[in-house]
Amino acid sequence: MKYKLLLRFFLAIVLVLGIFFRFTHLEDKVYWYDEAITSLRASGYTEEEVVQHFSKKSIVSVTELQRYQHPDGTRSVIDVVKSLAKEDPQLPPLWLSRWRVLSPAPLS
């Protein structure tokens with residue numbers, strides 16, 4: 001019985017620490033490739049558009065890059081679905097559309 005109580009306490013501590021470390025210093029966290037692609041898709045852009053835009057420039061500002069990472073009002077949910085249909089048809093469009101609704105403004 002004491003073993004189960006100790007195990008639950010340990011799991012609770014691990015869970016609390018995991019949540020704490022996940023949300024501490026978010027501005028310093030590394031943005032992984034899959035997160036960047038998810039943001040790109042949810043913003044309604046395709047990889048082709050981003051590559052085409054940035055291939056002409058040698059230096060890219062953070063503001064320019066964030067344009068493709070956050071919904072900015074120039075693209076709609078229809079653009080999200082078109083982006084997925086063109087480049088990632090296996091992903092569910094409703095999931096990314098939901099993300100877009102929950103994060104309508106840039107997180108800068």
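Values in this document were obtained by computation on a predicted structure and should not be read as measured data.
- With values rounded to the nearest 0.5 angstrom, Thr38 atom OG1 is found 9.5 Å from Gln69 atom CD.
- The closest donor-acceptor contact from the side chain of Gln66 to the backbone of Thr63 lies at 3.5 Å or more, if one exists at all.
- Judged purely by atom type and a 3.5 angstrom limit, Glu47 has no side-chain atom pairing as donor or acceptor with the backbone of Glu87.
- Heavy-atom contacts from other residues, nucleotides or ligands closer than 6.0 Å to CD of Glu48 number 12 or fewer.
- When all heavy atoms are compared, the tightest approach of Leu40 to Thr46 is CD2-C, 4.0 Å.
- Of the N and O atoms on the side chains of Tyr45 and Thr74, at least one donor lies less than 3.5 Å from an acceptor on the other residue.
- Lys56 pairs by the salt bridge (charged side-chain N to carboxylate O under 4.0 Å, His left out) definition with nothing, not counting sequence neighbours.
- Gly44 and Glu49 get closest at one heavy-atom pair: O-OE1, 4.3 Å.
- Both Phe21 and Ile13 belong to a single network of hydrophobic side chains, linked directly or stepwise wherever heavy atoms of I, L, V, M, F, W or Y lie under 4.5 Å apart.
- To the nearest 0.5 angstrom, His53 atom NE2 is 6.0 Å from Arg67 atom CZ.
- Connection of Leu15 to Phe23 is established within a shared hydrophobic cluster, with ILVMFWY side chains joined at heavy-atom distances below 4.5 Å, either directly or through further cluster members.
- We find the CD1-OG distance between Ile78 and Ser83 to be 12.5 Å, quoted to the nearest 0.5 Å.
- Judged by distance alone, with hydrogens and angles left aside, the side-chain atoms of Thr24 form a donor-acceptor pair with the main-chain N or O of Phe20 at under 3.5 Å.
- Taking hydrophobic clusters as Ile, Leu, Val, Met, Phe, Trp and Tyr residues chained together by side-chain heavy-atom distances below 4.5 Å, Phe9 shares a cluster with Leu17.
- Taken together through direct or relayed side-chain contacts under 4.5 Å among Ile, Leu, Val, Met, Phe, Trp and Tyr, Tyr33 and Tyr68 form part of one hydrophobic cluster.
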